[in-house]
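The chains referred to below are lettered A, B, ... by the order of the sequence lines, with proteins before strands, and numbering in each begins at 1.
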Amino acid sequence: MNIIELLFGTLSVLAIFSALMLVTSKNPVYSVLWLIVTFFAISGHYILLNAQFLAIVNIIVYAGAIMVLFLFVIMLMNLNKETEPQKNRWLKLAGAVAGGCLLLVLVAALKDVDSKKPENFALLNGGNTGLIKNLGKELFTTYVVPFEISSVLFLSAMIGAVVLGKKEKQNEAAH
Amino acid sequence: MQLTNRAKPVDRQPMTFLESLYLWNILKGMLITFSHLFKRKATIKYPEQKRSFSKVFRGLHVLNRDAEGRENCTACGLCAVACPAEAITMEAAERLPGEEHLYREEKYAVKYEINMLRCIFCGLCEEACPKDAIYLSQTFAPANYGRKGFIYSKDELLIPHPVNDKEAYQKALGEKASSN
Amino acid sequence: MYLLAIDLWFILEKAILIASIIGLSFFIAMYTTLAERKVAGWMQDRHGPNRAGPFGIFQPLADGGKLFFKEEIIPLAANRSLFLLGPGLAMITSLVTSTVIPWGAPVVTANGTIPLQVADVDMGILIVFSVVSIGVYGIMIGGWASNNKFSLIAAIRGASQMVSYELPMGLALIAVLFTTGSLKMSEIVASQAANGWHVIYQPLGFIIFFICALAECNRTPFDLPEAENELNFGYHQEYSSMKLGFYLFAEYINMFVSSAVISTLYFGGYDIPFVNEAAWGLQPWLLSAISFGVLMAKIAFFLFVFIWIRWTIPRFRYDQLMNLGWKKLIPLALVNMIITMAVMLWLKK
Amino acid sequence: MNALILSAVLGVIMMFSSFLLKQKPAVRAVAISGIVLVLLVNLLEMTSQPFLTVDTRGLLVFDHFALVFNTVIFAAVLLYFLLSAPDMEKVGGSYAEYFALIFFILCGVTLVTSFTSLLTLFLGIEIISIPLYILTGSDKRNLKSNEAALKYFLMGSFSTGLMLMGIALLYGAWGTFSTEAPALLASMPPVLVVAGMSLVFFAMAFKVSAAPFHFWTPDVYDGAPTVFTSFMATVVKGAVFAGFIRLFDHAFGAQQPQWQFWVAVITVVTLFVGNITAVFQQSVKRMLAYSSIAQAGFMLFALYAMNAAGKEGILLYTAAYSFASIGIFAVLARMNDYTFDGFNGLARTAPLVAGALTVFLLSLAGIPLTAGFIAKFYMLKAALTTPGSTWLVIFAVLMAAVSVYYYFRVIRAMYFREPGESPAPVFPGFFKWTLALLALLVILLGVFPELLLGRLYF
Amino acid sequence: MPINYYILLSLALFTIGIVGVLTRRNAIIIFMCIELMLNAVNLLLVAFSKMHLNAAILANDAASTAGTDGQLFVFFIMVVAAAEVSVGLAIIVMMYRNIHSVDVNFLNRLKH
Amino acid sequence: MIAFFLILIPLATGLLSFLIKEEKTAKAFALLSSLATLAVSLLGLTLMKTGNYLHFSAPWMSSLGSSFTLQLDGAGQVLCLLTAVAYPLVLLGTWQATYKNAQQFFGLMLLAQAGMMGVFLAADALLFYFFWELALIPMYFLSSIWGGERRIPVTFKFFIYTFAGSLLMLTGIIYLQAQTADQSFSIASFYNLELSGKEQSWIFWLFFVAFAIKMPVFPLHTWQPDTYEQAPTATTMILSGVMVKMGLLGLIRWLMPVLPLASFQWGDRVMIFAIIGIVYASLIAIRQNDLKRLIAYSSIAHIGLMCAALFAENNSGTQGVMIQLFNHGINIIGLWIIVEIIERRYGTRKISELGGLAQQAPVMTIFFVIIALANIALPLTNGFAGEFLMFNGLLQAKSNFAVAYTVVAGLGIILAAVYTLNMIRNTFYGEAVVLRAPVTDLKLNETIALSLIVILILWLGIYPQSMLDLTEQFSREWMNKIDVSHLFRK
């Protein structure tokens, strides 16, 4: 077992454990924190795969921006109390079993992927495609059109924030 | 009605864009603070350095003695009457025979207390005293752990004996002595 | 010395470097607290602390000692684990940033070059950025876990402030990256040594970046999270003892690191201006030491500016803060970026 | 491509017009002239006279089908603006923003109709979805609207997740995101392809609200402000269908034997659920929501058959269904009462509107000489040319007969019942004549479908 | 690392996400589970991209840029996720303002 | 062109009629229009032998493989003539009836006429389908707006039934089109199809259900009595007199020649249904108290007989059907006119509430008796020739049970006599149960209409050859088309 495998194992266990904690935590704030841990574990995987750019962007975007917003909203709503009433235990169990079955089916379907063939190995710690220079070059040549188009997405999200967040004048008059 | 010429009307013009950036004002402020780095320090290193007081400074009270060390106070109560803060209380007593070296007059104050927490250091007691028995010294900044400690008794107020404890007497007199 | 296929010498070298940087950070942070009080005193025509040791140089030690020995209080209604996690997070995030800053010219030895930088990674500046974006958790978690209204409000304020100011900061940064063409901190320094400091090309960008740095460090005039006259003491109101110390210290370390980043990005890092130090023919270690000193001087200057501003400019109101961030700085940063882009294109032609 | 760029620019213009233009009619005028412009630009591109050509590096291909389809969409949006734009004022305060969002959705629509890469498909679908979430929740004071938005959003993102997993698995198998040459890297066993394809299929079925992935549709359509329901149920649905078909035609054409049966199953379920449930609705809006599921069932035939007739059919179907539904929704938005009884005696109080509405309903029901008939006809034809699918067609036809029941309930209410006490809705003259024009268009398309289909081939 | 490991890992994460979506009732947590699903996808995409790169290198194409597209796709997914989050949280907050709850079980007004 | 005008005149006048304000004007306009159609139709009759005038073709929906092709063959000619004749009769016969929004009523009536004409003329399957629906929609509105109390659910049932059937037919049409060599809907291509027995078999049922609903044949008839009862009488006349013939024409032109094998195979089954229908309907008719319902059930019986005779697949039966197509239409319209008069005068249709009308309205009684006798096919009335030929045909059918069929169907005739005579006796003779208001005899317009009908009845009863000539050639050609015997020899 070399260091890479060790790291892979550790990160995987961490990722799955914290994902499980995310789902099972009663307190939403804990869920957020566990999700952040998951993101870090996944970022670790990216670094193992030498996808440095994505590793960093993952942290900046997900951990640094998205999860802050989540935390923010949860704190604003003061959801720290365990407001979620106890759900039917059986339903929970059913959900878990259904998920497990889904996993089993998917894995069983995909187990045929030949893991012995050298082409079916993910290259670790090598290859420069994950470096920002290469990604940038590709992004601004081949993928420049979708890149530009994705700005539309942000514009609409921006408008959305305005439309949904702005206080209605009539509303104030009513209160 | 204009009282002085220093009155300045408030400018309620909306700020221009440049003004709204506050850049110049910020810079001005920064320069001002920076210039203060090099100004003379207004504070002094107190225990080591002390400021000199003006001649009319009114500090803690002192009960005076005459040159032979006899107490001047006759417990007439004028100071207590004059005190606007009602900080002074006293009890009078007859001088007994054999005490002439202690008290200058036949009557003296057995108990003389000034509550320094009430005192406003106005100096009216000093003015009221017909016997020159009380005056305000240049000492200040009493510190204490309890409120009781601020009620100064006669012992604490009396000036040191001019004969027995000459140096202390001189020190206590301070500038007051020289002014007289 | 290979274990699990790792070069242990390498680890050792980095470990020493990391340890010394952490030590340095603590040291500087400690003395920045002193400097703050001193400068504050001077600017108000006072002397500042001067009792502990000559000129008060042992004052930080005294403060530290005091914080250590004070009673630890954890409020009953607080969320215990998160309450403990908060200051730790704040401390760690403030320390991590310094890994990518080049502290001096690399030391060239016979056995190879030892860079005075923990990690010269491909996307150095992005790491700074990512850590900054994580930094908000310390405040948020601490403020929330205290279970106190004031702390919570302060934490939310802090979070929204930091998230808002990250944007113009990033935009200003992009303009720098245009001119450099690399995210590596070492290359950013090298390109400044060759072409002149970025502050010359990017004055507007620098100002924006600096303002954002102030906001990210929760320094006046943007210290809304600890606005004592409305929020008592802000997000660390319920903290005491060394946990409070961590928060306070983290702020100073943040200042230190921000100064280092600003120096590196806009003021040439460890580059000595107007001279060609290579021509002096000094020993490499000496050269490195000098360059380190130069960087520290720059950092010291910025630390001074931080303090200077604090004692000059009054605190913003919350809406003013947000307006400044979203309605002034972001457009300005965009303009800056576009102008830079246009000029670059024009020059390339 | 020109239309895509232009509509993005128009979206931005509308954004700015929210604070530059104070008058709502002015905003409306800008929006309408904008969509006219988009339509013209698209027509020019269709006749090979584009203003500017952009090298999309093979991520988008604007073939004839895409361009014609876009033309239909833009025309539908134009009519939608003409009819329903004044009603948007009632929704909330952000009038210009709604138009901006709609223009952005049009960007997404052009992407979805012309993608050649899974990336652009994904982007397109998201650009469509995100503004839709917003529009759904735009009636902020209304709890129903809030709920619909949240529900739509959660379900929509969930399906996006499924789709992405599918795309990831496909990428693992193909080594590329292109939908044009997916068989290049066939070193992996096709199990990845099958798994990925199924996930993508589920997700797309979800987006077009095919049963059993339809459960969100009625609630969302019911909860959203009626003007936007109109847009969602027509233009957007048609576009996503186009994308669905394009994807399965280009990328999974070779696997048709594997998925065809499942499409058939979904079609049957969709038709059944949509039609049968629609019968029991009391609100016209909800009935239309279920009917849109039912209509999706018919549109699935194009996917099932995946032949020329199917593609022509989806084009016609989109046009027919959109035009008719836009008309109905435009009237519905002005009604005081959304139940069937709300339509009582409309023929008496507003004969022209009732007449146009009748034409639309007939078209939806698939009565000849309306566009709806031709559309259904093409779908049946497409399916029938596929061997062994007669049972499917017969089932569909029976379901279409069921659909007549609920469509004619509206007609019955309008013509055979007395008006209620509540004040009759008012329809301005412009609205009435636009509606009549739309009705005429529906009939025209029904009588001369070549007007549209002819564009496909030259 | 055999690609199977990565498939297994990311499918596991994906399934945990799905189970979370199905069993939890707090809208925000459901939303987080969706984010988890997206991240599982991202991981798988990166792993596949490196697998394709590996294959290209094994086929003696050392300078290959195979797999770049996979990583860029991840980039786009992140972009979309960011936009989605802003809208989604806005919706959730709007909802909260009205009913003071984020429990999806309250979403039943439309059923009647 | 003649064929085209047959559609164009009612279509155009129908649309124009919506613009008229006055009720009287609308009525007159409709009458004029129908007379014009009649004139054109008669012109067509004279030109029939010369061929090409009766054919019209224009390009339309060519991308679908369809075209606007009309053709006037024997069966079509008979039915067009019937339509053209029926309208003036109906309008005249119900001249007194008043309608709310009369312009719409007459407009829809004329549109329905255009639709029916189209159905009878179309030589293109898609066109046929279009007109099939076009005829249906106005009928739906007519019945739903101007009908009786229970009009809305009843006509809705009628509409759904018919529409479902026609959609099934559409499926069949599309399937057949896909099988044609030139992907065309034209009737010629359909006739040239060579389909396997299995295919023919299920397409047969798709088509047959549609036609059977329209006619209606026994198990699918449930919409009919209610609709006839609830619809306004003028509409009922068109429905029962003309519209049901659409189903028969479908059988004649579109079903049996296109799917001869299946027609042969399933003919027996269909005949059984039809004949059950005859007996069933007749039995129910006996029990009816409402004149309208009685006539409705009698119509089911008659249509059943025609259907059965058609599937006998021989010359005699076919000829009989051809004649009866026209005659039944004329007769039943006559019956309805009188029912309408009775209802309007006496305010009721219940047989139990009527009686002794012969004393008040002798002229009407005479007319009624003649028409009723024609309806039960007494010799020397028009019904006789047709029914005789049909029974003849039934007897010669290539079925093992031909005799049984004939006997049972004959039972239907006897039953028809029972209920018809019963009705005459109870309504016109016997005790006058209800006698309100001074009753007048026929008005002029009614007299004209009924006289015309009676003239037709008598003329065709005495000289049926004129009708036979018209259809003989067609019938022979048709027999060739549906002949499957050559297949057996192989």
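- Residue D:Ile5 does not touch chain A at all, counting heavy-atom pairs closer than 4.5 Å.
- Between atom OH of residue A:Tyr143 and atom OG1 of residue D:Thr120 there is a gap of 9.0 Å, rounded to the nearest 0.5 Å.
- Residue contact with chain A, scored on non-hydrogen atoms closer than 4.5 Å, involves the side chain of D:Leu4 exclusively.
- The structure places OG of A:Ser156 at 14.0 Å from CZ of D:Phe103, a figure rounded to the nearest 0.5 Å.
- Using a 4.5 Å cut-off between heavy atoms, D:Leu119 contacts chain A through its side chain alone, with no backbone atom that close.
- Across D:Glu97 and A:Val163, no two heavy atoms sit closer than the pair CB-CG2, 3.6 Å.
- Only the side chain of D:Leu60 comes within contact range of chain A, with at least one heavy atom under 4.5 Å from a heavy atom of that chain.
- No part of D:Val194 comes within reach of chain A, as not one of its non-hydrogen atoms sits under 4.5 angstrom from that chain.
- Among all heavy-atom pairs drawn from D:Gly137 and A:Leu164, the shortest one is O-CD2, 3.7 Å.
- Note: A:Leu153 CG to D:Ile128 CD1 = 11.5 Å, rounded to the nearest 0.5 Å.
- The local environment of NZ in D:Lys24 is crowded, with over 12 non-hydrogen atoms from other residues, nucleotides or ligands closer than 6.0 Å.
- Of all the heavy atoms in D:Asp55 and A:Val145, the pair that sits closest is O-CG2, 3.9 Å.
- Put simply, CD1 on D:Ile127 and OG on A:Ser151 are 8.0 Å apart, with the number rounded to the nearest 0.5 Å.
- Contact annotation: the side chain of A:Ile149 never approaches that of D:Cys107 to less than 4.5 Å [non-hydrogen atoms, C-beta and beyond].
- Here the closest heavy-atom approach between residue D:Ala100 and residue A:Ile159 is recorded as CB-CD1, 3.6 Å.
- Counting non-hydrogen atoms of neighbouring residues, nucleotides and ligands closer than 6.0 angstrom, the NZ atom of A:Lys133 reaches no more than 12 such neighbours.
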